[in-house]
Amino acid sequence: MPKAKGKSRRHKYSYNLNRKRLYRSARRRAAPRIACSHIRHAWDPHKSVAQNLAEMGLAEDPNKAVPIPKKLLGMEVESDGQQLGKKIVRKPYVVNEMELEASLPEKKSNTLSRDLIDYVRYMIQNHGENYKEMARDEKNYYQDTPKQIKRKINVYKNFYPEEYKNFIESLKPEKMEVQ
């Protein structure tokens with residue numbers, strides 16, 4: 001099959017195009033990407049980053065905000081207690097909202113797949129605590145070793161302790177009827 005016509009040709013370099021100016025103007029237009037919604041709502045696009053953060057009571061440079069004390073010959077340098085350039089916080093609600101959000105307890109978002117839950121319940125229902133027998137079961141598609149199966153059952157116990165307890169309780173009457 002023949003080659004496409006324009007593929008092998010060399011592209012011409014345009015000497016008249018000012019690439020620096022194009023890059024600079026694109027950078028100037030781009031606003032800073034702000035992840036926190038509280039900061040995003042309080043942000044003033046007409047002010048600089050340092051001015052915006054100072055108004056909110058946030059630090060632009062953490063090294064300047066919390067300086068490391070210098071030690072001279074084993075003794076600390078004492079300051080006069082005067083802070084230079086104390087800034088006025090005009091938007092304290094931003095910091096307050098961020099602290100409130102940080103103090104909320106984190107939701108547990110980790111869950112197990114439905115297949116793994118069904119697998120573990122099947123193994124416990126048919127084999128009890130006999131992990132070697134579980135490893136030889138035909139439903140052990142991934143050929144898990146007894147230790148791997150035990151680990152999966154322990155993960156299920158830790159994720160759903162109430163459900164596991166109720167499941168074990170429901171199995172006890174069945175074992176009584178069998179005997």
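All heavy atoms count here, side chains included; hydrogens, waters and symmetry mates do not.
For Y13, the side chain to side chain contact (heavy atoms under 4.5 Å, CB included) criterion is met by Y15, R19, not counting sequence neighbours. Qualifying side-chain hydrogen bond (donor to acceptor under 3.5 Å, both in side chains) partners for K150, counting only residues two or more places apart in sequence or in other chains: none. A search for side-chain hydrogen bond (donor to acceptor under 3.5 Å, both in side chains) contacts involving S37 returns nothing, not counting sequence neighbours. Under the side-chain hydrogen bond (donor to acceptor under 3.5 Å, both in side chains) criterion, D144 pairs with Y119, K152, sequence neighbours left out.
Atom CD1 of I168 is separated from atom CD1 of I124 by 5.0 Å, given to the nearest 0.5 angstrom. Distance check: N52 CG to H46 NE2 gives 10.5 Å after rounding to the nearest 0.5 Å. To the nearest 0.5 Å, atoms CD1 (I149) and CD (E133) are separated by 11.0 Å. Between the NZ atom in K91 and the CD atom in E55 there is a gap of 5.0 Å [rounded to 0.5 Å]. Rounding to the nearest 0.5 Å places NE2 of H38 at 8.0 Å from CG of L100. For the atom pair CG of L112 and CD of E163, the computed distance is 9.5 Å after rounding to the nearest 0.5 Å.
When K139, H127, Q148 are each tested for a side chain to side chain contact (heavy atoms under 4.5 Å, CB included) with M134, only one passes: H127. Partner I117 forms a side chain to side chain contact (heavy atoms under 4.5 Å, CB included) with one of F159, Y156, Y122 and no other, that one being Y156.
Cluster annotation: V94 and V49 are assigned to the same hydrophobic cluster (Ile/Leu/Val/Met/Phe/Trp/Tyr, side-chain heavy-atom contacts under 4.5 Å, transitive).
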Report task. Evaluate side-chain contact (heavy atoms from CB on, under 4.5 Å) for M98 paired with I39, printing each intermediate quantity in order. Result -> CA-CA 9 Å; M98 288 173 67; I39 296 174; 4.0 Å; yes
**Report entry** Verdict with reasoning, Q125 to F167, per side-chain contact (heavy atoms from CB on, under 4.5 Å)
**Finding:** CA-CA 9 Å; Q125 194 170 10; F167 177 65; 4.2 Å; yes
Query - Verdict with reasoning, N158 to Y164, per side-chain contact (heavy atoms from CB on, under 4.5 Å) - result: CA-CA 9 Å; N158 293 336; Y164 176 76; over 6 Å; no
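By the 6.0 Å contact criterion, CZ on R40 is enclosed, its count of non-hydrogen atoms from other residues, nucleotides or ligands being greater than 12.
For residues 110-132, the pairs satisfying salt bridge (Lys or Arg N to Asp or Glu O under 4.0 Å) are R114-D118, with sequence neighbours left out.
Without hydrogens or angle criteria, N140 side chain to R136 main chain gives no donor-acceptor distance under 3.5 Å.
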Without placing hydrogens or testing angles, list every side-chain donor-acceptor pair under 3.5 Å for residues 56-69, not counting sequence neighbours.
{"from": "D61", "atom 1": "OD1", "to": "N63", "atom 2": "N", "distance (Å)": "3.3"}

